[in-house]
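Let me begin by presenting the structure, written as structure tokens, before commenting on it.
Reminder, nothing fancy here: chain letters follow the sequence lines and each chain counts from 1.
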There are 2 protein chains.
Amino acid sequence: MAKSSVSASVSKLVPKVPGVPSPRRPDFSASTKRGLVAVAEQLFTEQGYSATSLDSIVAGAEVTKGALYHHFSGKQALFEAVFETVEDDATRAIKAALRTTKEPWEKAIAGLQAFLLVVQDPRYRRIVVQDGPAVLGYERYREQEERSTFALVMEIVRSTLDAGTWELEEDMLQTFARIFFGALSAAGDTVAGADDPLAAADRVETALRFIIAGLQTLADADVGLADVDLRLAQGLDRG
Amino acid sequence: MAKSSVSASVSKLVPKVPGVPSPRRPDFSASTKRGLVAVAEQLFTEQGYSATSLDSIVAGAEVTKGALYHHFSGKQALFEAVFETVEDDATRAIKAALRTTKEPWEKAIAGLQAFLLVVQDPRYRRIVVQDGPAVLGYERYREQEERSTFALVMEIVRSTLDAGTWELEEDMLQTFARIFFGALSAAGDTVAGADDPLAAADRVETALRFIIAGLQTLADADVGLADVDLRLAQGLDRG
DNA sequence: GTAAGTACGTACCGATGGTATGTCCCACTT
DNA sequence: AAGTGGGACATACCATCGGTACGTACTTAC
């Protein structure tokens, strides 16, 4: 929790990497860049994006703004770099959980558990969930999510809903995945923001299990999408 | 879409309201304040919170910063005022839709339709969904949502899930409501951001109908929360 | 008429994101 | 061995913007 010791040891210089095209000089670039990202990640998490000044970041990384603007085009670009690292960590954690089992519904449960843990990570909550949309803009935010955690939800949805009973087209799978993704995010927020996170996680699990059980029941009964019709389509035709 | 004519006509002065304790002077305060909120709402929607300067707001409202700071403690307070008006409009629209029917599940569908429309409103998307959490902070954001649209979702969930088959405790209802709220938000985003909003709305409806049908099936089969157990509780005990 | 308070307008400050420019150092050429 | 080109920074500075201090006109109460 201290403020120093963020920038890693810079002792090792690059040992003449011959593979790459033409980075022919020992560059501190990589370590400096990582240091900036690390400090920014910490400060963004603690104070949020707008409340974190570039001066405090470069001070924490023990460089100057010249270095920062040499590596990043601006504050937002730095945020994006931080955003990606946090997302990557989250993706890795969930992927690891998914590898623990192979059965589709079991994978769904394992993924749910991993996601509920990820969303309790302060870095993820603050940088991805809270500041992400506003800073990156909704378009870029969606693009990023599309390639990381959402992709995993999509995969799970595909392996369960598309398993055998139903044959869903791609758009429909996307729709289900988005809905579940939103449900999971809200569930995670609930857990993370609850007075008693453990009890909240328990309730969330129960609720999601119940919803999943409903879908499984429909699958067992061989009920298809076309079978559930509450004739409410016309109401939306005035967009 | 023009930039002028935002501030409404200021012709009417207050006609000596005797009820209130001591607002004893004809104040332009109300109209000035509303004008600021109206201009801010427009600019916040078009450019987002951080990209909108106070100078542009007061210029649009044809006042000065002195007036703004007389009515609001700062930029964030002005945003909160805008936020509340947008939320109020959304709440009103959904409430009106809910009044069209009385049967619980029908109300749920009507509310869903109304919510899908609301979330396509650029003001709601930008001010409430996108900038709201980051500007207000998660705590205040949650408090606001708690009193408006989420309260409606909660009401619907209560009238359906708590109808007769199940007897759910308050915390469980809250959990379901949060999950559904997240699902609806994501569904709305999907619709609003889709290339073909109508087709997307159709898919969203189908998917949500399907999920609801699953719950109804469980209700018909008299399946309770305790009956669905995939023994996954222990995995979360490491919070 | 005067005191008080509201509803602003004007002028200004400090912080912050961003830029322009200079400098050091290494690698490569000749 | 000197020159030179460019990467990796540092320094100094600027412009914008949120916020503040203060002045002023106008109204009401007494």
Phosphate OP1/OP2 of D:dC9 contacted by A:His71 side-chain N/O (<4.0 Å):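 For A:His71, the contact criterion (side-chain N or O under 4.0 Å from OP1 or OP2 of D:dC9) is met.
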Residue-phosphate contact under 4.0 Å: A:Thr32 side-chain N/O, D:dA8 OP1/OP2: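 For D:dA8, OP1/OP2 do not have a side-chain N/O of A:Thr32 under 4.0 Å.
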Provide the full list of salt bridge (charged side-chain N to carboxylate O under 4.0 Å, His left out) pairs with a residue in residues 179-199 of chain B, sequence neighbours left out, each pair given once.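 Of all non-adjacent pairs touching residues 179-199 of chain B, those that pass salt bridge (charged side-chain N to carboxylate O under 4.0 Å, His left out) are B:Arg125-B:Asp189.
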Residues 77-84 of chain B, side-chain donor-acceptor partners within the protein, below 3.5 Å, at least two apart:
{"residue": "B:Glu80", "atom": "OE1", "partner": "B:Arg140", "partner atom": "NH2", "Å": "2.6"}
{"residue": "B:Glu80", "atom": "OE2", "partner": "B:Arg140", "partner atom": "NE", "Å": "3.3"}

Distance-only, no hydrogens or angles: does the B:Thr160 side chain make a donor-acceptor pair with backbone N or O of B:Ile156 under 3.5 Å?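 Yes: the side chain of B:Thr160 pairs with the backbone of B:Ile156.
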Could you tell me whether the side chain of A:Lys107 and the main chain of A:Glu155 form a donor-acceptor pair under 3.5 Å?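 No, because the side chain of A:Lys107 does not come within donor-acceptor range (under 3.5 Å) of the backbone of A:Glu155.
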With the threshold set at 4.0 Å, does a side-chain nitrogen-carboxylate oxygen contact exist between A:Glu146 and A:Arg178?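 Salt bridge between A:Glu146 and A:Arg178, a charged N being under 4.0 Å from a carboxylate O: yes.
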Report the distance from atom CG of A:Leu68 to atom P of D:dT11, rounded to the nearest whole Å.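 It is 15 Å, rounded to the nearest whole Å.
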Round to a whole Å and report the spacing from CG of B:Leu78 to C1' of D:dG19.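 Those two atoms, CG and C1', are 14 Å apart.
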For residues A:Thr149 and A:Glu145, is any side-chain donor paired with an opposing acceptor at under 3.5 Å?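 Yes - a donor-acceptor pair under 3.5 Å links their side chains.
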Among C:dC8, D:dC9, C:dG9, the nucleotide that comes nearest once only the side chain of B:Thr64 is considered: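 My answer, after comparing the listed nucleotides, is C:dG9.
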Nearest to the side chain of A:His70, which nucleotide is it out of D:dG7, D:dA10, C:dC8?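 It is D:dG7.
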Base versus backbone protein contacts along nucleotides 11-17 of chain C [heavy-atom cut-off under 4.0 Å; B, S, -]: ------B
Identify whether any heavy atom of A:Gly74 sits under 4.0 Å from a base atom; if not, whether one sits that close to sugar-phosphate; answer base, sugar-phosphate or nothing.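 Sugar-phosphate, backbone atoms only, no base.
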